[in-house]
Amino acid sequence: MPLKYVAFFILIFVSITINFTMPKRIIDKIQMITVAGYDYVDENTLKGTIATPIFLQKGEIQDILYTDDASMIYDLDTKLNTEASEDLENGKLAVVLFNEELAKHGVKDYTDFLLREPSIGSGLYLAVTEGSTNELLSSIKSMKGAGVYLSDLIKHNIQSQKHPDTNLKTFTYSLECETCDPFLPYFRMVDGKPKIDAIALFKKDTYIDQIPIEDSFVFNLLNGDIENGDYVLERKEFKAAIQNIDTDRKVIVNQQNGSINILLDIEIIGVIREYTGNRVLRDKGKIKKDLEKELHKKAEEMIKNFQEKNIDPIGIKEQIRSKIRALTIKQINDQYPAITINMHITYTNLESGTRR
Amino acid sequence: MKKKLTEKKIQREFEKLFNDLKNSDDFIDYQIDHGTDKLSIGYFNSAIDNKKIEAFVLPYVQEFNYTDLEELDNIIPIANSFLTNDVSKIRRNLLEGFLFIHMEQSEQKYLLIPVPLMKTRQITSPEVEFSVVGPKEAFVESIDTNLNLVRKRLNIPELTIKKMKVGTITKTKVAVVSIKGIADKNNVDTVVQRIQDMDMDQVIDSSYIQQKIADNINSPFPQLLDTERPDRIAAILAEGKVAIFVDNSPHVLIGPTTLVEFFSAFEDYFLNWTIASAFRLIRVFAVFFSILVTPLYVAILTHHFEIIPKELLGTLVSSRSQVPFPPILEAIILELTIELLREAGARLPTKVGQTIGIVGGIVIGTASVEAGLTSNVLLILVALAALGSFTTPVYQMGNTIRLIRFPMLLFAHVYGLLGVSICIAYIMVHLLKLTSLGRPFFEPVFPYRPKDLKDAFIRLPFNLQDKRPFAVRSEKVLRETSNGKNDTS
């Protein structure tokens, strides 16, 4: 055999034997962190709580919580490892929670760790909690384990458009983007169970306000296109449930005499599924008018609130920047609170169902 | 004077010949009186058919009148008999089942009559490449029967058979068969030359030739396809390939061949093209699955827990919770068990083999899971991988697939998915370099020939396959069809 083959096989043999006992991450010899919560203690200290599942027989899962104080997340990891019986690994991290207090002080330092760690995926969910994250995590009693429970909770709400799309990637994109501001789901404990109660609004990386989850439809309407949403129109005389809602948002930017004028043209297509009034067919026009009016009012209030707080979670500034190239980002940011934003909402009823 | 000298020389040679022959106890010679003359008859008892001698030789020798061997030759009703005085020819023919008759008074001339014992197996149905539909004939050990099976399917004058004898001891008959005008002459010449240049004392089976004339003899991939189906041989000859028949071997070699041909069962051509294509794709999937599933299991469980879906995590971890070994040992234990079962099953008689299969599959599998030696997830995967490797229609390729996952397992353990990728890359490079009779083995994937994909991973209908595969470099690329004018007589 030629020498090069001998050398080749010796190389392979040596490399395999040397590396054979290299430290491994065998799945039953590690503890996988599925959810982490960070609470504010003081300026330099945070309290971290992590949950790792212990897999019992027959698919049952029991969570173990570890908690400790540390100055930064990496430091926390080393501290918690001294408590854990196996090596703690970040690879299956699905949800990271910040408590409100910490979010008010800015979360950028902590998301930085999540972005740098290569084993963490960008599909991770971030969320803000009203009280302590430790309390929230220890309240979850589910066979799925806290991490899967919370991530499923957020995921299905995003899928059914109860909450606008969010994850680590969109959050950090909004952080890095100079004209936009991020938002996150906001958890509150209701009857000892976590509930997505609001959409937390951020100004850059600091939490400043929230929109109640009931208004998330309006937020979604302004934020972008909805597919298969639903909305309940409540009036004194009647109630109407509108489902299968598809919306189409167009942002029309006009510049007249140096002042920017924006028209949000929103088209809604939906189906009336439930109606407590007398006859749907007769009242269709009224429902349409009322719905348009109600949504218009709510949307206007919401945008006014955004402009007052000088935040832009729905990406209007980005639209201005792309349409009017002459303006610098600083100019846009300065002008934003004062620009006029008009709205034009039209509803088209596709059908109102047939009765047997 | 000179003539007398040569006669003396011949005389000495004959004496030597008979002394040599009598060394073996099965050489028989005796003398019969015929009038004034004496006849001597001799043959190897183990090479001839006694009944033929009793029926066609002895009655004519004893009852008819003749004065010399030429007359006797005309009387005896056996074809291919001849007169000679060439010592080496006599020696060779006696060994092949001829008998000689010599008259004392005539000169040094011997009448050689072929009475060979032709004991061959009956033509049975194919066992390795069994198909439900289609012809049920398989090759047997006799080269003449085998050639007849092909000739009867291709009764055209262009079918050429080049016969050779190889092996200094065995002197095995080898026939290189091709269709003149369709097969590439280079391919035929390459095969003939390689067989002629073979340096071997014994050729017991066609696999000897396969190993000896392969382009890369160190490769685990077989570079000549072997088949036991005469219909397949007829089909590939018509495609322009070359077949190598070896006496005493029921397997015939085909060259040049490509990798994808090893995953096409000949039954594919008997089924509708949609169904055949689906089965072929399943077979290709089965091969990839069989090679990759255990290395991927080891790599992911040892290094990359991140890519396991969270729904599957619980199942995997709890199935492994009782197992004291790392995944690599677990996998090697199970793979070795399966290989042991296979070897044991192959070496044992059929009836005992069946019990071994049941014992192995049910008892050892469940017992090892209950004992906590292996996880039940891996047990399923390994069993499926074994099943997948059985789907390859060619037995030799199945063995290759069995083998190449073991180095992959080691690499998967040490380097994770990177190691698996390295192994795949190495195998790919090896396949790209491999040739079969000098033609690329990985065709039509590399070199990429889209036209040959018509009969590769899928099989398109016959009316789209109007050209012979380019890989064969046939001298007649277009398949000549009768254009609907078939002979109706």
Side-chain angles (χ1 to χ4, degrees), chain A residues 1-2 5 8-9 11-35 52-62 86-95 117-124 143-152 155, chain B residues 216-219 296-332 369-370 372 374-378 406-419 422-423 425-426 429-430 433:
Chain A
M1 222 184 334
Y5 289 112
F8 178 69
F9 281 109
L11 193 76
I12 284 180
F13 181 75
V14 168
S15 115
I16 284 191
T17 39
I18 287 179
N19 291 315
F20 205 80
T21 50
M22 193 171 73
K24 306 274 184 332
R25 299 187 296 170
I26 300 170
I27 57 164
D28 51 335
K29 300 280 181 287
I30 53 172
Q31 286 194 348
M32 285 161 269
I33 304 173
T34 54
V35 54
T52 79
I54 297 293
F55 297 92
L56 309 170
Q57 289 296 319
K58 287 173 204 154
E60 283 180 35
I61 291 175
Q62 199 180 32
E86 278 119 3
D87 198 20
L88 291 171
E89 291 285 349
N90 285 320
K92 290 309 284 184
L93 195 58
V95 179
E117 167 83 42
S119 65
I120 291 176
S122 60
L124 172 89
M143 298 284 235
K144 285 176 170 179
V148 178
Y149 179 86
L150 283 176
S151 88
D152 282 355
K155 193 176 177 180
Chain B
N216 181 355
I217 52 166
N218 297 320
S219 170
L296 285 184
Y297 175 88
V298 170
I300 290 171
L301 263 68
T302 326
H303 292 274
H304 313 283
F305 69 93
E306 293 96 341
I307 66 172
I308 306 172
K310 58 180 189 272
E311 291 82 5
L312 203 62
L313 208 57
T315 323
L316 282 175
V317 175
S318 51
S319 86
R320 263 195 57 80
S321 57
Q322 300 296 314
V323 181
F325 306 120
I328 177 74
L329 278 183
E330 191 192 4
I332 285 180
V369 170
E370 271 171 25
T374 53
S375 68
N376 37 22
V377 175
L378 183 65
F406 282 96
M408 272 200 176
L409 270 178
L410 281 183
F411 271 84
H413 172 70
V414 178
Y415 301 111
L417 288 180
L418 174 70
I422 290 172
C423 281
Y426 185 80
V429 169
H430 175 72
K433 277 163 68 183

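Chain letters run A, B, ... following the sequence lines, proteins first, then strands; residues in each count from 1. Every value quoted in this text rests on a predicted model; they were computed, and no experiment measured them.
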Next item on the list: Taking the side chain as every heavy atom from C-beta outward, state whether B:Ile307 and B:Leu417 have any pair of such atoms under 4.5 Å apart.
Entry: yes

Checklist line | Among the listed options A:Lys29, A:Met22, A:Lys144, A:Glu89, the residue most often paired with chain B at heavy-atom distances under 4.5 Å | finding: A:Glu89

Note to self: So for A:Ile30, is it side chain, backbone, both, or neither that comes closer than 4.5 Å to the heavy atoms of chain B?
What the structure shows: side chain

Margin query: Ring centres under 6.0 Å, that's the criterion: do B:Phe411 and B:Tyr426 meet it?
Written below: no

Margin query: Could you tell me if the side chain of A:Gln62 sits less than 4.5 Å from the side chain of A:Leu56, heavy atoms only?
Written below: yes

Item checked: Part of A:Ser151 within contact of chain B (heavy atom distance under 4.5 Å) -> side chain

Item checked: Which atoms of A:Ile12 approach chain B - backbone, side chain, both or neither, heavy atom under 4.5 Å -> side chain

Note to self: Within the 4.5 Å heavy-atom criterion, are B:Ile308 and B:Ile300 side-chain neighbours or not?
What the structure shows: yes

Item checked: Residue part contacting chain A, namely of B:Glu311, when any heavy atom lies under 4.5 Å -> neither

Notebook entry, point to check: Can you find a heavy atom in the side chain of B:Thr374 that is under 4.5 Å from one in the side chain of B:Val369?
Noted result: yes

